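Each remark here refers to the structure printed beneath this line.
Every chain is numbered from 1 and lettered A, B, ... according to where its sequence line falls, protein lines coming before strand lines. Everything numeric here is computed off the predicted structure, so don't read it as measured data.
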Protein chains: 2
Amino acid sequence: MPAPRKHKDKDAGARRRLMEATVQIMRDEGYAAATSRRVAALAGVKAALVYYYFDTMDDLFVAVLRAGAESSLSEMRQAITDDDPLRALWLINSDARRAGLNTEFMALANHRKVIGAELKAFAERVRDIETAAATVALRAHGVNLEEFPPVVISMLLAQMARSMCNEVAIGVTDGHQQMRAFVERFLAQYDASVPSGRTR
Amino acid sequence: MPAPRKHKDKDAGARRRLMEATVQIMRDEGYAAATSRRVAALAGVKAALVYYYFDTMDDLFVAVLRAGAESSLSEMRQAITDDDPLRALWLINSDARRAGLNTEFMALANHRKVIGAELKAFAERVRDIETAAATVALRAHGVNLEEFPPVVISMLLAQMARSMCNEVAIGVTDGHQQMRAFVERFLAQYDASVPSGRTR
DNA sequence: GTCTATAGACGGATAGAC
DNA sequence: GTCTATCCGTCTATAGAC
(Lines give C-alpha, C1' and ligand atoms only; values in the text may rest on other atoms or scores of the structure.)
Protein backbone atom coordinates (compact mmCIF):
# COMPACT_ATOMS: atom_id res chain seq x y z
CA MET A 1 0.00 0.00 0.00
CA PRO A 2 1.57 3.26 -1.10
CA ALA A 3 1.44 6.67 0.51
CA PRO A 4 -0.82 6.32 3.55
CA ARG A 5 -3.19 9.27 3.27
CA LYS A 6 -3.12 11.53 6.24
CA HIS A 7 -5.84 14.10 6.02
CA LYS A 8 -9.03 14.05 4.12
CA ASP A 9 -7.52 12.45 1.05
CA LYS A 10 -9.51 14.38 -1.42
CA ASP A 11 -7.30 13.68 -4.40
CA ALA A 12 -7.10 9.89 -4.68
CA GLY A 13 -3.86 10.03 -6.63
CA ALA A 14 -3.24 11.31 -10.10
CA ARG A 15 -1.94 8.03 -11.40
CA ARG A 16 -5.09 6.27 -10.36
CA ARG A 17 -7.31 8.99 -11.81
CA LEU A 18 -5.44 8.80 -15.10
CA MET A 19 -6.11 5.10 -15.36
CA GLU A 20 -9.77 5.52 -14.51
CA ALA A 21 -10.13 8.29 -17.04
CA THR A 22 -8.56 6.06 -19.68
CA VAL A 23 -11.07 3.30 -18.97
CA GLN A 24 -13.99 5.68 -19.19
CA ILE A 25 -12.92 7.26 -22.47
CA MET A 26 -12.13 3.89 -24.05
CA ARG A 27 -15.58 2.61 -23.16
CA ASP A 28 -17.46 5.72 -24.24
CA GLU A 29 -15.62 6.68 -27.39
CA GLY A 30 -13.22 3.90 -28.25
CA TYR A 31 -9.51 3.52 -27.73
CA ALA A 32 -8.64 6.00 -30.45
CA ALA A 33 -10.18 8.75 -28.33
CA ALA A 34 -8.02 7.92 -25.35
CA THR A 35 -5.21 10.36 -26.10
CA SER A 36 -2.83 11.79 -23.55
CA ARG A 37 -4.55 15.16 -23.72
CA ARG A 38 -8.10 13.87 -23.35
CA VAL A 39 -7.22 11.44 -20.60
CA ALA A 40 -5.36 14.10 -18.68
CA ALA A 41 -8.20 16.59 -19.00
CA LEU A 42 -10.73 14.10 -17.66
CA ALA A 43 -8.40 13.30 -14.78
CA GLY A 44 -8.03 16.97 -14.01
CA VAL A 45 -4.33 17.27 -14.78
CA LYS A 46 -2.14 18.38 -17.66
CA ALA A 47 -1.05 16.10 -20.47
CA ALA A 48 2.62 16.16 -19.54
CA LEU A 49 1.82 14.39 -16.30
CA VAL A 50 0.80 11.30 -18.21
CA TYR A 51 4.44 10.90 -19.24
CA TYR A 52 5.62 11.33 -15.68
CA TYR A 53 3.63 8.28 -14.58
CA PHE A 54 3.84 6.27 -17.79
CA ASP A 55 6.75 6.22 -20.22
CA THR A 56 4.48 5.97 -23.25
CA MET A 57 0.79 5.77 -24.00
CA ASP A 58 1.23 2.06 -24.62
CA ASP A 59 2.44 1.69 -21.06
CA LEU A 60 -0.68 3.42 -19.83
CA PHE A 61 -2.86 1.05 -21.86
CA VAL A 62 -0.99 -1.97 -20.53
CA ALA A 63 -1.37 -0.74 -16.96
CA VAL A 64 -5.11 -0.32 -17.47
CA LEU A 65 -5.41 -3.75 -19.05
CA ARG A 66 -3.46 -5.39 -16.22
CA ALA A 67 -5.53 -3.76 -13.52
CA GLY A 68 -8.77 -4.82 -15.15
CA ALA A 69 -7.43 -8.31 -15.72
CA GLU A 70 -6.42 -8.79 -12.10
CA SER A 71 -9.78 -7.57 -10.92
CA SER A 72 -11.64 -9.87 -13.30
CA LEU A 73 -9.49 -12.85 -12.39
CA SER A 74 -10.06 -12.48 -8.69
CA GLU A 75 -13.78 -12.20 -9.26
CA MET A 76 -13.66 -15.38 -11.28
CA ARG A 77 -11.62 -17.26 -8.72
CA GLN A 78 -14.28 -16.33 -6.22
CA ALA A 79 -16.98 -17.56 -8.60
CA ILE A 80 -15.49 -21.05 -8.64
CA THR A 81 -16.38 -21.48 -5.00
CA ASP A 82 -19.92 -20.31 -5.62
CA ASP A 83 -22.93 -22.59 -5.13
CA ASP A 84 -23.58 -22.27 -8.83
CA PRO A 85 -20.20 -21.65 -10.46
CA LEU A 86 -21.39 -21.85 -14.05
CA ARG A 87 -24.08 -19.23 -13.53
CA ALA A 88 -21.59 -17.03 -11.70
CA LEU A 89 -19.26 -17.14 -14.69
CA TRP A 90 -22.14 -16.48 -17.05
CA LEU A 91 -23.04 -13.38 -15.05
CA ILE A 92 -19.47 -12.08 -14.87
CA ASN A 93 -19.10 -12.43 -18.63
CA SER A 94 -22.45 -10.72 -19.13
CA ASP A 95 -21.13 -7.48 -17.67
CA ALA A 96 -21.41 -4.97 -20.47
CA ARG A 97 -18.69 -2.72 -19.07
CA ARG A 98 -16.15 -5.49 -18.97
CA ALA A 99 -17.09 -6.79 -22.42
CA GLY A 100 -16.93 -3.35 -23.99
CA LEU A 101 -13.47 -2.68 -22.64
CA ASN A 102 -12.33 -6.10 -23.76
CA THR A 103 -13.47 -5.44 -27.31
CA GLU A 104 -11.53 -2.19 -27.39
CA PHE A 105 -8.40 -3.97 -26.22
CA MET A 106 -8.90 -6.65 -28.87
CA ALA A 107 -8.96 -3.96 -31.51
CA LEU A 108 -5.96 -2.21 -29.96
CA ALA A 109 -4.08 -5.50 -29.93
CA ASN A 110 -4.38 -5.58 -33.70
CA HIS A 111 -1.65 -3.02 -34.12
CA ARG A 112 0.18 -2.87 -30.81
CA LYS A 113 2.28 -5.94 -30.12
CA VAL A 114 2.64 -5.22 -26.42
CA ILE A 115 -1.10 -5.10 -25.90
CA GLY A 116 -1.58 -8.29 -27.88
CA ALA A 117 0.86 -10.26 -25.74
CA GLU A 118 -0.72 -8.98 -22.55
CA LEU A 119 -4.22 -9.75 -23.74
CA LYS A 120 -3.27 -13.25 -24.78
CA ALA A 121 -1.79 -14.05 -21.38
CA PHE A 122 -4.91 -12.74 -19.69
CA ALA A 123 -7.29 -14.64 -21.95
CA GLU A 124 -5.48 -17.90 -21.28
CA ARG A 125 -5.66 -17.47 -17.53
CA VAL A 126 -9.36 -16.72 -17.79
CA ARG A 127 -9.97 -19.83 -19.86
CA ASP A 128 -8.12 -21.96 -17.31
CA ILE A 129 -10.23 -20.71 -14.46
CA GLU A 130 -13.50 -21.00 -16.33
CA THR A 131 -12.63 -24.49 -17.44
CA ALA A 132 -11.83 -25.49 -13.88
CA ALA A 133 -15.23 -24.22 -12.78
CA ALA A 134 -16.96 -26.13 -15.56
CA THR A 135 -15.06 -29.30 -14.70
CA VAL A 136 -16.18 -29.16 -11.10
CA ALA A 137 -19.80 -28.48 -11.99
CA LEU A 138 -20.05 -31.12 -14.70
CA ARG A 139 -18.25 -33.82 -12.81
CA ALA A 140 -20.43 -33.26 -9.74
CA HIS A 141 -23.40 -34.10 -11.90
CA GLY A 142 -21.93 -37.18 -13.44
CA VAL A 143 -21.72 -35.77 -16.90
CA ASN A 144 -19.61 -37.63 -19.42
CA LEU A 145 -16.64 -35.30 -19.78
CA GLU A 146 -15.63 -36.89 -23.07
CA GLU A 147 -18.95 -36.02 -24.64
CA PHE A 148 -19.17 -32.58 -23.05
CA PRO A 149 -15.61 -31.37 -22.47
CA PRO A 150 -15.53 -28.70 -19.73
CA VAL A 151 -13.44 -26.38 -21.89
CA VAL A 152 -16.18 -26.46 -24.52
CA ILE A 153 -18.89 -25.61 -22.03
CA SER A 154 -16.84 -22.80 -20.53
CA MET A 155 -16.12 -21.35 -23.97
CA LEU A 156 -19.78 -21.47 -24.94
CA LEU A 157 -20.89 -19.72 -21.78
CA ALA A 158 -18.20 -17.07 -21.74
CA GLN A 159 -18.18 -16.22 -25.42
CA MET A 160 -21.94 -16.12 -25.83
CA ALA A 161 -22.28 -13.79 -22.87
CA ARG A 162 -19.68 -11.44 -24.33
CA SER A 163 -21.10 -11.66 -27.83
CA MET A 164 -24.49 -10.58 -26.61
CA CYS A 165 -22.97 -7.62 -24.79
CA ASN A 166 -21.22 -6.56 -27.96
CA GLU A 167 -24.43 -6.83 -29.92
CA VAL A 168 -26.37 -4.82 -27.40
CA ALA A 169 -23.72 -2.12 -27.72
CA ILE A 170 -24.68 -1.59 -31.36
CA GLY A 171 -28.40 -2.02 -30.73
CA VAL A 172 -28.91 -5.61 -31.83
CA THR A 173 -31.08 -7.72 -29.51
CA ASP A 174 -32.67 -10.26 -31.86
CA GLY A 175 -32.74 -13.70 -30.29
CA HIS A 176 -31.27 -12.50 -27.00
CA GLN A 177 -34.35 -13.35 -24.98
CA GLN A 178 -34.42 -16.87 -26.38
CA MET A 179 -30.73 -17.32 -25.76
CA ARG A 180 -31.00 -16.21 -22.15
CA ALA A 181 -33.89 -18.60 -21.58
CA PHE A 182 -31.92 -21.42 -23.20
CA VAL A 183 -28.89 -20.78 -21.02
CA GLU A 184 -31.09 -20.57 -17.93
CA ARG A 185 -32.53 -23.98 -18.70
CA PHE A 186 -29.03 -25.35 -19.12
CA LEU A 187 -27.68 -23.77 -15.95
CA ALA A 188 -30.62 -25.01 -13.91
CA GLN A 189 -29.34 -28.56 -14.49
CA TYR A 190 -25.97 -27.88 -12.90
CA ASP A 191 -26.82 -25.71 -9.97
CA ALA A 192 -25.36 -27.34 -6.86
CA SER A 193 -27.86 -25.48 -4.73
CA VAL A 194 -30.73 -27.62 -5.99
CA PRO A 195 -31.00 -31.43 -5.88
CA SER A 196 -28.99 -32.81 -8.79
CA GLY A 197 -30.33 -34.76 -11.74
CA ARG A 198 -30.71 -34.29 -15.42
CA THR A 199 -34.26 -33.75 -16.36
CA ARG A 200 -35.30 -35.57 -19.48
CA MET B 1 -22.05 5.57 -61.49
CA PRO B 2 -18.96 6.88 -63.24
CA ALA B 3 -17.16 5.87 -66.40
CA PRO B 4 -18.40 2.55 -67.77
CA ARG B 5 -15.26 0.64 -68.75
CA LYS B 6 -14.99 -0.18 -72.42
CA HIS B 7 -11.94 -2.21 -73.17
CA LYS B 8 -9.84 -4.50 -71.08
CA ASP B 9 -10.25 -2.50 -67.95
CA LYS B 10 -6.80 -3.17 -66.66
CA ASP B 11 -6.84 -0.66 -63.88
CA ALA B 12 -9.91 -1.76 -61.97
CA GLY B 13 -10.75 1.79 -60.99
CA ALA B 14 -9.27 3.94 -58.32
CA ARG B 15 -12.45 3.89 -56.29
CA ARG B 16 -12.38 0.13 -56.11
CA ARG B 17 -8.70 0.03 -55.27
CA LEU B 18 -9.24 2.55 -52.49
CA MET B 19 -11.89 0.35 -50.93
CA GLU B 20 -9.72 -2.74 -51.21
CA ALA B 21 -6.79 -0.92 -49.67
CA THR B 22 -8.99 0.18 -46.79
CA VAL B 23 -10.04 -3.40 -46.11
CA GLN B 24 -6.47 -4.62 -46.14
CA ILE B 25 -5.16 -1.94 -43.80
CA MET B 26 -8.06 -2.36 -41.39
CA ARG B 27 -7.40 -6.08 -41.18
CA ASP B 28 -3.64 -5.82 -40.84
CA GLU B 29 -3.27 -2.84 -38.55
CA GLY B 30 -6.70 -1.88 -37.29
CA TYR B 31 -9.12 0.81 -38.31
CA ALA B 32 -7.06 3.56 -36.73
CA ALA B 33 -4.35 2.91 -39.31
CA ALA B 34 -6.76 3.31 -42.22
CA THR B 35 -6.13 7.02 -42.80
CA SER B 36 -6.69 8.79 -46.07
CA ARG B 37 -2.94 8.99 -46.66
CA ARG B 38 -2.16 5.35 -45.96
CA VAL B 39 -5.14 4.07 -47.89
CA ALA B 40 -4.29 6.22 -50.88
CA ALA B 41 -0.65 5.15 -50.84
CA LEU B 42 -1.58 1.47 -50.86
CA ALA B 43 -4.02 2.09 -53.69
CA GLY B 44 -1.30 3.86 -55.64
CA VAL B 45 -2.91 7.30 -55.71
CA LYS B 46 -2.65 10.53 -53.76
CA ALA B 47 -4.62 11.27 -50.63
CA ALA B 48 -6.70 14.01 -52.18
CA LEU B 49 -8.32 11.49 -54.48
CA VAL B 50 -9.98 9.84 -51.53
CA TYR B 51 -12.07 12.99 -51.13
CA TYR B 52 -12.99 12.99 -54.77
CA TYR B 53 -14.64 9.58 -54.45
CA PHE B 54 -15.83 9.87 -50.86
CA ASP B 55 -17.00 13.01 -49.10
CA THR B 56 -15.46 12.02 -45.80
CA MET B 57 -13.50 9.12 -44.35
CA ASP B 58 -16.69 7.94 -42.67
CA ASP B 59 -18.29 7.62 -46.08
CA LEU B 60 -15.40 5.48 -47.21
CA PHE B 61 -15.80 3.22 -44.18
CA VAL B 62 -19.53 2.91 -44.78
CA ALA B 63 -18.96 2.02 -48.42
CA VAL B 64 -16.49 -0.68 -47.42
CA LEU B 65 -18.86 -2.03 -44.79
CA ARG B 66 -21.77 -2.14 -47.23
CA ALA B 67 -19.81 -3.92 -49.91
CA GLY B 68 -18.58 -6.55 -47.47
CA ALA B 69 -22.06 -6.94 -46.06
CA GLU B 70 -23.67 -7.53 -49.45
CA SER B 71 -21.03 -10.06 -50.35
CA SER B 72 -21.45 -11.91 -47.06
CA LEU B 73 -25.21 -11.88 -47.32
CA SER B 74 -25.27 -13.38 -50.77
CA GLU B 75 -22.86 -16.08 -49.70
CA MET B 76 -25.15 -16.86 -46.80
CA ARG B 77 -28.27 -16.94 -48.93
CA GLN B 78 -26.49 -19.48 -51.07
CA ALA B 79 -25.55 -21.48 -48.00
CA ILE B 80 -29.21 -21.93 -47.08
CA THR B 81 -29.72 -24.04 -50.17
CA ASP B 82 -26.69 -26.17 -49.36
CA ASP B 83 -26.96 -29.87 -48.54
CA ASP B 84 -25.67 -29.08 -45.10
CA PRO B 85 -26.75 -25.50 -44.38
CA LEU B 86 -25.59 -25.41 -40.77
CA ARG B 87 -22.09 -26.49 -41.63
CA ALA B 88 -22.01 -24.00 -44.48
CA LEU B 89 -22.86 -21.19 -42.08
CA TRP B 90 -20.30 -22.46 -39.59
CA LEU B 91 -17.65 -22.32 -42.29
CA ILE B 92 -18.61 -18.86 -43.50
CA ASN B 93 -18.42 -17.51 -39.97
CA SER B 94 -15.10 -19.25 -39.45
CA ASP B 95 -13.46 -17.10 -42.10
CA ALA B 96 -10.77 -15.20 -40.24
CA ARG B 97 -10.71 -12.38 -42.78
CA ARG B 98 -14.39 -11.68 -42.41
CA ALA B 99 -14.32 -11.96 -38.62
CA GLY B 100 -11.34 -9.67 -38.29
CA LEU B 101 -12.94 -6.97 -40.38
CA ASN B 102 -16.15 -7.30 -38.44
CA THR B 103 -14.36 -6.78 -35.15
CA GLU B 104 -12.75 -3.62 -36.45
CA PHE B 105 -16.12 -2.28 -37.51
CA MET B 106 -17.56 -3.12 -34.10
CA ALA B 107 -14.85 -1.04 -32.49
CA LEU B 108 -15.34 1.75 -35.03
CA ALA B 109 -19.06 1.73 -34.33
CA ASN B 110 -18.27 2.66 -30.76
CA HIS B 111 -17.62 6.25 -31.65
CA ARG B 112 -19.09 6.74 -35.13
CA LYS B 113 -22.85 6.77 -35.16
CA VAL B 114 -23.14 6.21 -38.90
CA ILE B 115 -21.08 3.05 -38.74
CA GLY B 116 -23.08 1.77 -35.81
CA ALA B 117 -26.41 2.14 -37.59
CA GLU B 118 -25.06 0.43 -40.68
CA LEU B 119 -23.55 -2.42 -38.71
CA LYS B 120 -26.76 -2.98 -36.78
CA ALA B 121 -28.84 -3.27 -39.94
CA PHE B 122 -26.34 -5.73 -41.38
CA ALA B 123 -26.18 -7.85 -38.24
CA GLU B 124 -29.95 -8.17 -38.14
CA ARG B 125 -30.17 -9.34 -41.73
CA VAL B 126 -27.45 -11.90 -41.08
CA ARG B 127 -29.27 -13.23 -38.04
CA ASP B 128 -32.48 -13.57 -40.04
CA ILE B 129 -30.81 -15.62 -42.72
CA GLU B 130 -28.88 -17.79 -40.33
CA THR B 131 -32.01 -18.44 -38.31
CA ALA B 132 -33.89 -19.43 -41.43
CA ALA B 133 -31.17 -21.93 -42.27
CA ALA B 134 -31.27 -23.36 -38.76
CA THR B 135 -35.04 -23.64 -38.87
CA VAL B 136 -34.94 -25.66 -42.06
CA ALA B 137 -32.22 -27.99 -40.83
CA LEU B 138 -33.71 -28.59 -37.40
CA ARG B 139 -37.26 -29.06 -38.59
CA ALA B 140 -36.13 -31.54 -41.24
CA HIS B 141 -34.76 -33.67 -38.44
CA GLY B 142 -37.81 -33.48 -36.28
CA VAL B 143 -36.13 -31.46 -33.55
CA ASN B 144 -38.40 -29.87 -30.98
CA LEU B 145 -38.12 -26.20 -31.93
CA GLU B 146 -39.40 -25.09 -28.54
CA GLU B 147 -36.59 -26.82 -26.78
CA PHE B 148 -33.92 -25.85 -29.31
CA PRO B 149 -35.04 -22.55 -30.88
CA PRO B 150 -33.40 -22.08 -34.30
CA VAL B 151 -32.29 -18.57 -33.43
CA VAL B 152 -30.37 -19.97 -30.46
CA ILE B 153 -28.62 -22.58 -32.57
CA SER B 154 -27.75 -20.05 -35.24
CA MET B 155 -26.35 -17.63 -32.65
CA LEU B 156 -24.26 -20.35 -31.06
CA LEU B 157 -22.79 -21.46 -34.36
CA ALA B 158 -22.13 -17.99 -35.73
CA GLN B 159 -20.79 -16.37 -32.59
CA MET B 160 -18.55 -19.24 -31.58
CA ALA B 161 -17.01 -19.37 -35.03
CA ARG B 162 -16.29 -15.65 -34.88
CA SER B 163 -15.04 -15.75 -31.31
CA MET B 164 -12.51 -18.40 -32.18
CA CYS B 165 -11.27 -16.32 -35.11
CA ASN B 166 -10.82 -13.36 -32.80
CA GLU B 167 -8.91 -15.46 -30.32
CA VAL B 168 -6.64 -16.88 -32.98
CA ALA B 169 -5.87 -13.31 -34.01
CA ILE B 170 -4.24 -12.65 -30.65
CA GLY B 171 -2.64 -16.07 -30.43
CA VAL B 172 -5.09 -17.88 -28.16
CA THR B 173 -6.00 -21.41 -29.24
CA ASP B 174 -6.76 -23.17 -25.96
CA GLY B 175 -9.80 -25.39 -26.31
CA HIS B 176 -10.23 -24.70 -30.00
CA GLN B 177 -9.56 -28.26 -31.06
CA GLN B 178 -12.13 -29.59 -28.62
CA MET B 179 -14.66 -26.99 -29.69
CA ARG B 180 -14.25 -27.85 -33.36
CA ALA B 181 -14.69 -31.54 -32.60
CA PHE B 182 -17.77 -30.79 -30.53
CA VAL B 183 -19.33 -28.73 -33.31
CA GLU B 184 -18.49 -31.40 -35.85
CA ARG B 185 -20.33 -33.99 -33.79
CA PHE B 186 -23.31 -31.68 -33.58
CA LEU B 187 -23.33 -30.83 -37.28
CA ALA B 188 -23.09 -34.46 -38.24
CA GLN B 189 -26.56 -34.96 -36.77
CA TYR B 190 -28.13 -32.43 -39.08
CA ASP B 191 -26.39 -33.04 -42.36
CA ALA B 192 -29.02 -33.67 -45.03
CA SER B 193 -26.42 -35.30 -47.27
CA VAL B 194 -26.18 -38.38 -45.09
CA PRO B 195 -29.02 -40.62 -43.97
CA SER B 196 -30.44 -38.94 -40.90
CA GLY B 197 -29.64 -40.06 -37.39
CA ARG B 198 -26.37 -40.11 -35.52
CA THR B 199 -23.57 -41.59 -37.54
CA ARG B 200 -19.87 -41.79 -36.79
C1' DG C 1 -9.71 12.11 -62.72
C1' DT C 2 -5.62 13.05 -60.61
C1' DC C 3 -2.35 15.92 -58.88
C1' DT C 4 0.32 19.69 -55.69
C1' DA C 5 0.01 22.57 -51.96
C1' DT C 6 -1.67 23.95 -47.87
C1' DA C 7 -4.79 25.21 -43.97
C1' DG C 8 -5.95 24.06 -39.40
C1' DA C 9 -6.48 20.78 -35.73
C1' DC C 10 -4.60 17.40 -32.89
C1' DG C 11 -1.37 13.80 -31.60
C1' DG C 12 3.12 11.80 -28.78
C1' DA C 13 6.76 13.12 -26.42
C1' DT C 14 10.46 16.14 -24.15
C1' DA C 15 12.83 20.19 -21.59
C1' DG C 16 12.91 22.70 -17.93
C1' DA C 17 10.67 26.03 -14.40
C1' DC C 18 8.46 25.84 -9.99
C1' DG D 1 4.63 16.05 -8.55
C1' DT D 2 2.80 19.22 -11.60
C1' DC D 3 3.04 22.74 -14.78
C1' DT D 4 4.17 25.70 -19.30
C1' DA D 5 6.05 25.74 -23.61
C1' DT D 6 7.44 23.64 -27.57
C1' DC D 7 9.14 20.36 -31.35
C1' DC D 8 7.71 17.69 -34.86
C1' DG D 9 4.73 14.58 -36.88
C1' DT D 10 0.13 13.05 -38.92
C1' DC D 11 -4.55 13.73 -39.71
C1' DT D 12 -8.97 15.44 -42.41
C1' DA D 13 -10.32 18.28 -45.74
C1' DT D 14 -10.17 21.95 -49.32
C1' DA D 15 -8.49 24.94 -53.33
C1' DG D 16 -7.07 25.01 -57.54
C1' DA D 17 -3.69 23.59 -61.45
C1' DC D 18 -3.39 20.25 -65.14
For the aromatic rings, using the six-membered ring if either is Trp, is the centroid distance between B:H111 and B:Y31 under 6.0 Å? yes
Quick one: [X] [atom1] to [N] [atom2], roughly how many Å, whole number?
X      : N      : atom1 : atom2 : answer
A:R112 : C:dG11 : CZ    : P     : 13 Å
B:R16  : C:dT2  : CZ    : P     : 15 Å
B:L60  : D:dC11 : CG    : P     : 14 Å
A:K46  : C:dG11 : NZ    : P     : 14 Å
A:F61  : C:dA13 : CZ    : P     : 10 Å
B:R15  : C:dT2  : CZ    : P     : 13 Å
A:F54  : C:dT14 : CZ    : P     : 15 Å
B:Y53  : D:dA13 : OH    : C1'   : 18 Å

[X] and [Y] ion-paired at < 4.0 Å:
X      : Y      : value
B:E184 : B:R87  : yes
A:R185 : B:E147 : no
A:E167 : B:K120 : no

Close residues, residues 33-44 of chain A, relative to DNA chain C [heavy-atom separation under 4.0 Å]: A:T35, A:S36, A:R37, A:R38
Nearest-neighbour nucleotide for the A:L49 side chain, D:dC3, C:dC3, C:dG12 considered: D:dC3
State, yes or no, whether a side-chain contact exists between B:M164 and A:M155 at a heavy-atom distance under 4.5 Å. yes
Quick one: pull up CZ in B:R17 and CG in B:L49 and give me the separation to the nearest 0.5 Å. 9.0 Å
What residue pairs, at least two apart or across chains, pass side-chain hydrogen bond (donor to acceptor under 3.5 Å, both in side chains) with a residue in residues 58-73 of chain B? B:T56-B:D59, B:D58-B:R112, B:R66-B:E118, B:E70-B:R125, B:S72-B:R98
Report all interatomic pairs (protein N or O, nucleotide N or O of nucleotides 14-18 of chain D) with separations under 3.5 Å.
none

Linked, directly or transitively: A:Y51 and A:V64 (ILVMFWY side chains, under 4.5 Å): yes
OP1 or OP2 of D:dG1 under 4.0 Å from side-chain N/O of A:Y52: yes
Give a yes or no on whether the backbone of A:D174 and the side-chain of B:R127 come within a donor-acceptor separation of less than 3.5 Å. yes
